[in-house]
Chemist: 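I have a structure here, written as C-alpha cells, and I will follow up with some questions on it.
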Amino acid sequence: MAGFLSALRRIYLSLYNWTVFIGWFQVLYFAVKALREGGPTTVYDAVEKPLQLAQTAAVLEILHGIVGLVRSPVSATLPQIGSRLFLVWGILWSIPETRTHVLVSSLVISWSITEIIRYSFFGMKEALGFAPSWLLWLRYSTFLILYPTGITSEVGLIYVALPFIKASEKYCIRMPNKWNFTFDYFYASIIALAIYVPGSPHMYGYMLGQRKKALSKSKTA
Amino acid sequence: MKVTLVSRSGREVIKGGIELADGATVSDLQEAIHGRIKKYYPSRQRLTLPLQAGSQGKPIVLVPKSKLADYCNGNANNLTVVFKDLGIQVSYSTLFFWEYLGPLIIYPICYYFPVYKYFGYEGERVVYPVQTYALYYWCFHYFKRITETFFIHRFSHATSPLSNVFRNCAYYWTFGTYIAYHVNHPLYTPVGDLQMKIGFTFGLICQISNLYCHLILRNLRSPSGNGGYQIPGGFLFNIVTCANYTTEIYQWLGFNIATQTIAGYVFLIVASLIMTNWAFAKHWRLKKLFDGKEGRPRYPRRWVILPPFI
C-alpha cells in the first residue's frame, strides 16, 4: 500500500511539474517572439494566458507543502507565491495601464527562465529519480542574477501602477458600513512595496544558504 | 575548582578559564565572567553543560542558585561550561511598559484630535456614546496592564532580549492604531444599545476576572523569584490551565461585540492564536512535570485555554 501511494505521489508530481514547465516554456517563447516582432509593448498580450495559468497553478504548491507531499516549508513558498499572484492578478490584470511598460518584459523573462529551470529540475527528480548536476547548478546559480532583475521589475511595476490604483479606486471598501471595515488598495499596495524592503534580502539570503547546502552536498556525494 | 568556559563552537571564551572556590555557586561564576568581560552582565549569559557528542535533547542549563559542584559528574576540580551570549537584555517591566504605552497614547489621539482631517474627512465629527465608552474601556485595559506589570506580575525570567522590544511594540502599536482608526472614524456605525451594553459588561467582568487570575498566579511564586512550577488552582484555574489567557481573550470579545469592527476581530483572532500557542506549551509542560510519579502530584484533567472547545 505504501509503495503504491509513493508511486502515485511520484506520478502526480511528475505530471504537475512537467505540465507547469510547459506553461512557463510557452511564456518565454511567446515573450521573446513578441519582443522581436512587436517590441516590449506587445509582450503582455502575447503571454497573458500561459502566464496566468502557470503562475496560478503554483497555488497547488502551497497545498503540497501543507499535506506533506513535498518538503518545502510553507513559510518560504507563501511569500514567493503571494508576490507573484499579486503582480499577475493584482497589478497586470487589474491595472491595464501597466501592461505596455518595458518592465513587463524583464519581469516575465526573469520569472520564466527561473521557473523553467526549477520545474524541469523537480520534474526530472520525480520522474527519473535524479537531476543532472548542470541542472542543479543552474537552479542554484541563476537566481543570483534573476532575483535582482525579477524583484526590480516587480517593485517597478507596482510603483508604476500606484497612480492608476489611486485614481480608479478599485477594490476599495469605504465606510460607513455595518462592520466598520475599510480597505484601501492604494495603501495596501504601498505596504506591499514596503514588505519588499526586508523581504528581498531575506529571500536572497535564504537562497544563498540553499545554494551553499546544495552545491556542497553534490561535491561530497 | 577550575571552570573552562567555551563557546558553542568550542572556542575558549576566557583564556585559561576561571578559578573559583569549591563551594562556589553558578551565580558566583556569572559574576566572575562579568568581571572579566564587562559587557557580559549575568542576565546576558546562557550557561549550559556540554552536550555529549551525538546525543539528542536540550542541554542542561545552569541555574544561578545551584552550586557548581552539583554539575560536576566525577571530576570535582574541573568543569567545562558552554557559554552563549543572549544579546542586550531589557527587564520584562521595560518591555511591557513600552509595548503597552503605544496603545494607551495612540487611541486617545484618534479620539480627541482631528486626525481624520489628514485622511480627507473634513468637518465636525459626531461622537456616539459607544465610541466614548470604548475609549474608557480601552484605556482602562492598558492602564491595568501597565499597573499589573509593575505591581503584580512575578516574572520567571528577569529579562528579555532587546529585539523583542521592537517586535512587540510593532505588534501592539500597529494593531492599536488599526483598531483606534476604525472605532473613532467619522463614518463609524454603532451597534444597537443592548448589544453595546452586553459587550462592555461581559468584557468588564472578564477583565476583573483576569485581574483575579493574575493575583492567583502571583501567589504561586515566592517573592525570591524561584520560578518553580506549581499546579495552579482556585477560581477558573480549577477547570482551565491558562485561565488568565481565557479571560483576556473573552475580554477582547466583549470589546468587539460592543464596537463591531473587522479590525478588532482580526486582532482578537491573532491574539487568540498567539495565546493558544503559549497555553498549549504551558499545559504540556505542567502535565510532563506533574506526572504522578515519585510522589509528585498528577496534573488533573483540565481545558487548555478555551472551554468548551480546547
Side-chain angles (χ1 to χ4, degrees), chain A residues 62-63 65-68 71 73-79 82-83 85-86 90 162-203 205-206 208-209 212-213 216-217 220, chain B residues 107 110-111 115-123 125-135 138 163 166-167 170-171 173-175 177-192 195-196 199 252-253 255-269 273 277:
Chain A
I62 298 178
L63 225 70
I66 291 179
V67 304
R71 260 204 327 246
V74 179
S75 59
T77 51
L78 209 54
S83 71
L85 291 175
F86 175 53
L162 282 178
F164 301 108
I165 292 176
K166 190 164 206 223
S168 73
E169 298 242 322
K170 221 170 182 183
Y171 307 138
C172 291
I173 297 178
R174 301 277 176 229
M175 272 162 89
N177 60 69
K178 192 173 145 198
W179 285 97
N180 292 304
F181 178 62
T182 59
F183 182 75
D184 189 296
Y185 196 42
F186 177 71
Y187 288 116
S189 301
I190 292 187
I191 290 176
L193 269 182
I195 295 179
Y196 274 91
V197 176
S200 314
H202 174 77
M203 295 296 282
Y206 173 74
L208 280 173
K212 210 165 155 208
K213 253 197 327 198
S216 73
K217 198 160 64 150
T220 57
Chain B
Y107 196 104
C110 291
Y111 179 88
V115 295
Y116 295 93
K117 219 169 41 184
Y118 300 102
F119 291 99
Y121 296 97
E122 306 287 340
R125 203 176 109 211
V126 171
V127 175
Y128 295 98
V130 64
Q131 291 172 303
T132 309
Y133 300 141
L135 169 75
W138 176 277
S163 54
F166 301 110
R167 181 194 68 173
Y171 169 76
W173 295 23
T174 308
F175 265 121
T177 309
Y178 188 48
I179 296 172
Y181 173 84
H182 285 92
V183 182
N184 295 300
H185 201 280
L187 297 178
Y188 176 78
T189 309
V191 298
Q195 186 174 332
M196 172 189 79
W252 278 128
L253 179 61
F255 177 82
N256 282 325
I257 288 173
T259 53
Q260 195 156 296
T261 65
I262 296 285
Y265 277 106
V266 170
F267 177 60
L268 173 67
I269 291 172
L273 285 170
N277 240 0

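Chain A is the first sequence line, chain B the second, and so forth, proteins listed ahead of strands; every chain is numbered from 1.
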Chemist: Just verifying a value: how many Å separate A:Met175 CE and B:Thr189 OG1, rounded to the nearest 0.5 Å?
Modeler: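 The distance works out to 6.0 Å.
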Chemist: So if I take each residue of residues 182-194 of chain A and look for any heavy atom under 4.5 Å from a heavy atom in chain B, which residues do I end up with?
Modeler: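 Against chain B, the residues of residues 182-194 of chain A that fall inside the cut-off (heavy atoms, under 4.5 Å) are A:Thr182.
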Chemist: Check this for me: A:Lys170, atom NZ, are more than 12 non-hydrogen atoms of other residues, nucleotides or ligands nearer than 6.0 Å?
Modeler: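 Check passes, neighbour count above 12.
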Chemist: Measure the spacing between CZ of A:Phe181 and NE2 of B:His182 and express it to the nearest 0.5 Å.
Modeler: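 Between atom CZ of A:Phe181 and atom NE2 of B:His182 there are 7.0 Å.
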Chemist: Would you say A:Asn180's side chain and B:Tyr188's backbone share a donor-acceptor pair under 3.5 angstrom?
Modeler: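 Side chain of A:Asn180 to backbone of B:Tyr188: no pair is present.
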Chemist: Examine whether an atom of B:Tyr178 lies under 4.5 Å from a heavy atom of chain A, and if so say whether it belongs to the side chain, the backbone or both; otherwise answer neither.
Modeler: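 Answer is side chain: those atoms of B:Tyr178 sit under 4.5 Å from chain A.
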